[in-house]
Amino acid sequence: MCSVYTVTRSSLLVLSGYNRACNEKRKPYQMAEDEPPGASLKPLVFRVDETTPEVVQSVLLERGWSKFDQQEQNMEDWNLYWRTSSFRMAEHVNVKPWQCLNHHPGTTRLTRKDLLAKHLQHMERLYGAPLYEFLPPTFVMPHDYSKFVAEYFKEKQVLDAKLSYWICKPAELSRGRGIIIFSDIKNLIFADTCIIQKYICNPLLVGRYKCDLRVYVCVTGFKPLTIYIYQEGLVRFATEKFDLGNLQNSYAHLTNSSINRSGASYEKIKEVVGSGCKWTLTRFFSYLRSWDVDDLLLWQKINRVVILTVLAIAPSVPFAANCFELLGFDILIDDNLKPWLLEVNYSPGLSLDCSADVSVKRRLIHDTIELMHLHSLRNERKESCSAANGSPGVSLARKDRGRGRDLPHESFSQPGSRRAFSKDGTPGEKGVTACPENQHTCQPQAVLSRQEVRPPTREPPKAKPKARARHLALKTLIPRVSLIQAHGREKGLSLCVQPDSSWVPGPQAGNFVLIFPFNEATFGASRNGLNVRRIIQELQKLTHKQCSQAAEEKTKRK
Ligand code: ADP
């Protein structure tokens with residue numbers, strides 16, 4: 001089977017010397033970069049089902065991938081299987097080294113509202129309530145019914161004549177379906193498993209409209225725990241003015257775009273918000289800055305919410321190789337600028353309904369693919385290092401790159417010359433100089449440290465290689481090659497250039513930035529088992545530092 005390509009730079013790189021899930025009968029090919037694209041080379045292969053989002057398919061095709069064809073190809077000849085629903089454990093167990101799945105087993109612990117509440121409450125019991133107070137007080141029904149009733153009447157007494165507000169959400173539904181908001185317990189009706197949660201009745205309003213943030217997070221592994229946050233995202237608006245006097249009005253209280261798109265005010269030009277019901281995070285943060293809000297501190301708090309949330313399930317998630325999980329965190333900001341976690345979405349919606357969707361989601365998928373490459377490269381480098389240390393097996397990565405030199409170790413695993421961050425999570429000097437064009441890219445601490453982190457603003461600079469390896473000749477046939485071998489040098493993969501011109505992957509792929517581990521201590525505490533207590537201590541230290549830095553700067557500004 002021969003494919004026809006539009007020769008973009010990325011497809012050229014695919015074509016110019018990288019094999020992938022290929023036909024074993026094919027002739028060995030020469031891996032010469034300057035060779036013209038030839039019919040003997042095949043693009044990477046993605047597998048879909050009827051639930052795979054359109055944008056995922058179009059981005060992959062744009063990047064030079066081809067779609068798996070069950071009639072024409074062997075069952076194992078694909079590199080990435082992307083679908084909306086989860087995979088069976090057997091599918092995870094049988095995944096081949098050149099394949100990757102877009103879900104990790106066990107993540108519904110985060111994405112089912114009742115399970116999320118249970119896990120976060122468990123962490124609260126272990127490590128203290130203040131740490132997890134970003135989750136609004138939550139009761140899982142029917143189990144916690146009497147606890148809820150007790151709390152409801154207690155609050156009623158305290159508030160006296162004032163009303164208290166609650167929201168009831170089905171545990172397994174999404175898109176605002178089945179939600180009721182109430183202040184009188186008489187209006188509470190529920191059938192299946194659901195949660196009752198304190199309704200945040202002082203949301204930060206833009207114009208006079210409620211909004212929440214959709215923050216994208218990619219967990220590339222739970223063992224060891226590795227979390228990336230996406231520095232761009234969406235802000236979703238209600239399309240009618242916020243009004244606690246009318247709790248029945250979904251267009252004023254729910255920010256789901258599936259609801260607001262069908263509202264009468266969707267197209268209207270709304271105060272500050274404009275028409276439609278979405279902004280990009282970039283626009284939102286610059287709006288906050290115009291009000292003199294410390295958007296950086298807010299972003300750091302959001303990062304912390306994400307880490308603590310994923311940390312709650314990490315010890316109980318089974319190990320699985322070659323998979324990742326792209327999650328959508330729904331965060332509501334109140335008028336004290338406190339972020340609240342509303343829920344975590346499994347397979348966050350990827351439909352392109354407006355210009356904000358198009359600009360965020362297409363790039364998100366591109367960057368997710370970049371991140372996969374980056375992650376595979378890290379794994380293969382680890383393999384190559386252990387092979388060098390006498391472990392059995394051949395490192396395909398080393399063979400493939402064939403640059404006549406050992407591959408460098410991960411920058412953050414070397415506390416010496418390639419240290420990317422210091423022990424307390426502040427920028428390591430050497431890390432900065434090692435990657436002058438791309439400081440943010442090089443430093444894991446960048447996400448959490450005050451100096452380095454910027455909420456979404458612009459495209460991160462891409463590091464340019466100082467020297468390119470010219471002869472990538474691969475004389476041996478490797479029948480199936482993993483993603484990174486095929487794409488390791490594809491455009492956009494964020495690689496830092498070390499002084500010796502070796503390629504070292506930085507902890508950033510496009511707009512994805514590594515937020516965990518964020519310093520040497522958390523790196524150590526997440527290898528060979530997860531030392532949650534230690535990680536929480538480090539997080540607390542960092543939060544303390546960030547808050548005092550923010551306070552100092554505020555004083556200086558005054
Ligand atoms: P779904 O999965 O149905 O979208 P969410 O938990 O995301 O459920 O809730 C839908 C919307 O309801 C949110 O986007 C937000 O606007 C609103 N909402 C949910 N929980 C709360 C809460 N505790 N306080 C205030 N608003 C909430």
Side-chain angles (χ1 to χ4, degrees), residues 53-55 163 165 167-169 173-183 187 199-216 230 232-293 295 298 302 328-340 342-343 345 348-364 455-457:
E54 214 26 67
V55 65
L163 296 175
Y165 299 92
I167 183 166
C168 177
K169 310 188 272 189
L173 289 185
S174 59
R175 291 182 265 135
R177 289 171 294 176
I179 290 185
I180 52 168
I181 302 168
F182 62 96
S183 65
N187 297 328
Y199 186 64
I200 308 299
C201 55
N202 61 331
L204 178 77
L205 301 180
V206 173
R208 272 180 276 168
Y209 298 90
K210 176 176 171 177
C211 62
D212 71 3
L213 316 186
R214 167 59 56 85
V215 175
Y216 297 100
Y230 201 60
E232 180 58 286
L234 291 165
V235 180
R236 307 165 324 149
F237 288 97
T239 44
E240 289 187 16
K241 287 176 186 149
F242 186 70
D243 174 13
L244 285 172
N246 181 3
L247 298 180
Q248 265 61 60
N249 186 357
S250 303
Y251 300 115
H253 291 281
L254 305 187
T255 51
N256 303 77
S257 46
S258 46
I259 291 175
N260 286 288
R261 260 201 326 269
S262 62
S265 306
Y266 178 73
E267 301 280 1
K268 273 192 203 151
I269 308 288
K270 296 171 282 297
E271 189 183 338
V272 186
V273 174
S275 84
C277 67
K278 277 186 199 168
W279 279 7
T280 62
L281 266 189
T282 301
R283 183 170 172 193
F284 178 71
F285 279 110
S286 69
Y287 169 77
L288 291 186
R289 280 196 294 277
S290 74
W291 284 91
D292 213 20
V293 167
D295 58 324
L298 177 60
I302 292 171
F329 278 63
D330 288 351
I331 309 265
L332 185 133
I333 314 293
D334 72 16
D335 58 8
N336 297 310
L337 295 171
K338 176 186 160 102
W340 294 91
L342 300 185
E343 71 156 343
N345 291 275
L350 290 172
S351 59
L352 306 182
D353 300 321
C354 61
S355 59
D357 275 351
V358 175
S359 74
V360 173
K361 292 176 183 174
R362 285 194 69 78
R363 178 88 203 269
L364 171 72
T457 44

- request: Please lay out, stage by stage, how His253 and Leu244 fare under the test side chain to side chain contact (heavy atoms under 4.5 Å, CB included).
  value: CA-CA 9 Å; His253 291 281; Leu244 285 172; 4.3 Å; yes
Starting at [atom1] of [X], measure out to [atom2] of [Y] and round the result to the nearest 0.5 Å.
{"X": "Asn202", "Y": "Ile333", "atom1": "CG", "atom2": "CD1", "value": "11.5 Å"}
{"X": "Asn187", "Y": "Leu247", "atom1": "CG", "atom2": "CG", "value": "8.5 Å"}
{"X": "Ser359", "Y": "Leu234", "atom1": "OG", "atom2": "CG", "value": "7.5 Å"}
{"X": "Ile167", "Y": "Ile181", "atom1": "CD1", "atom2": "CD1", "value": "4.5 Å"}
{"X": "Tyr251", "Y": "Cys277", "atom1": "OH", "atom2": "SG", "value": "11.5 Å"}
{"X": "Leu332", "Y": "Leu213", "atom1": "CG", "atom2": "CG", "value": "8.0 Å"}

Ignoring hydrogens and angles, tell me if any N or O in the side chain of [X] forms a donor-acceptor pair with the backbone of [Y] under 3.5 Å.
{"X": "Lys361", "Y": "Gly349", "result": "yes"}
{"X": "Asp243", "Y": "Gly245", "result": "yes"}
{"X": "Asn336", "Y": "Lys338", "result": "no"}

query: How about Asp353 and Ser351: does a side-chain donor come under 3.5 Å of a side-chain acceptor?
result: yes
message: Do Arg177 and Ser174 pair up side chain to side chain, a donor and an acceptor below 3.5 Å, judged on atom types alone?
response: yes
How far apart are the closest heavy atoms of [X] and [Y], and which atoms are they?
{"X": "Glu240", "Y": "Asn249", "value": "OE1-ND2, 2.9 Å"}
{"X": "Thr239", "Y": "Lys270", "value": "O-CD, 3.5 Å"}
{"X": "Leu337", "Y": "Leu298", "value": "O-CD1, 3.7 Å"}
{"X": "Ser183", "Y": "Tyr165", "value": "CB-CD2, 4.0 Å"}
{"X": "Cys211", "Y": "Phe284", "value": "SG-CE1, 4.1 Å"}
{"X": "Pro348", "Y": "Asn345", "value": "CD-O, 3.8 Å"}

message: Quick check on ring pair (Phe, Tyr, Trp, His ring centres under 6.0 Å): which of Tyr287, Trp279, Tyr209 does Phe237 satisfy it with?
response: Trp279
May I ask you to test the [X]-[Y] pair for a side-chain heavy-atom distance under 4.5 Å?
{"X": "Glu232", "Y": "Thr280", "value": "yes"}
{"X": "Leu205", "Y": "Asp335", "value": "no"}
{"X": "Arg261", "Y": "Asn256", "value": "no"}
{"X": "Lys278", "Y": "Arg214", "value": "no"}

- line: The side chain to side chain contact (heavy atoms under 4.5 Å, CB included) partner of Tyr230 among Val215, Leu281, Leu364 is Leu364
query: With Lys210, which of Leu254, Thr255, Ile200 fulfils side chain to side chain contact (heavy atoms under 4.5 Å, CB included)?
result: Thr255
query: For Arg208, does the CZ atom sit with more than 12 other heavy atoms under 6.0 Å from it, leaving out its own atoms?
result: no
task: May I ask you to decide if the ring planes of Tyr199 and Phe242 are parallel, tilted or perpendicular, using 30° and 60° as cut-offs?
output: parallel
message: Going by side chain to side chain donor-acceptor pair (under 3.5 Å), Trp340 matches just one of Asp212, Asp330, Asp334. Which one?
response: Asp334
Just list the side-chain donor-acceptor pairs under 3.5 Å for residues 262-269, sequence neighbours left out, or say none.
| unit_1 | atom_1 | unit_2 | atom_2 | d |
| --- | --- | --- | --- | --- |
| Ser262 | OG | Ile259 | O | 2.8 |

message: Holding to ring pair (Phe, Tyr, Trp, His ring centres under 6.0 Å), I want the full list of residues that pass it with Phe329, two or more places apart in sequence or in another chain.
response: none
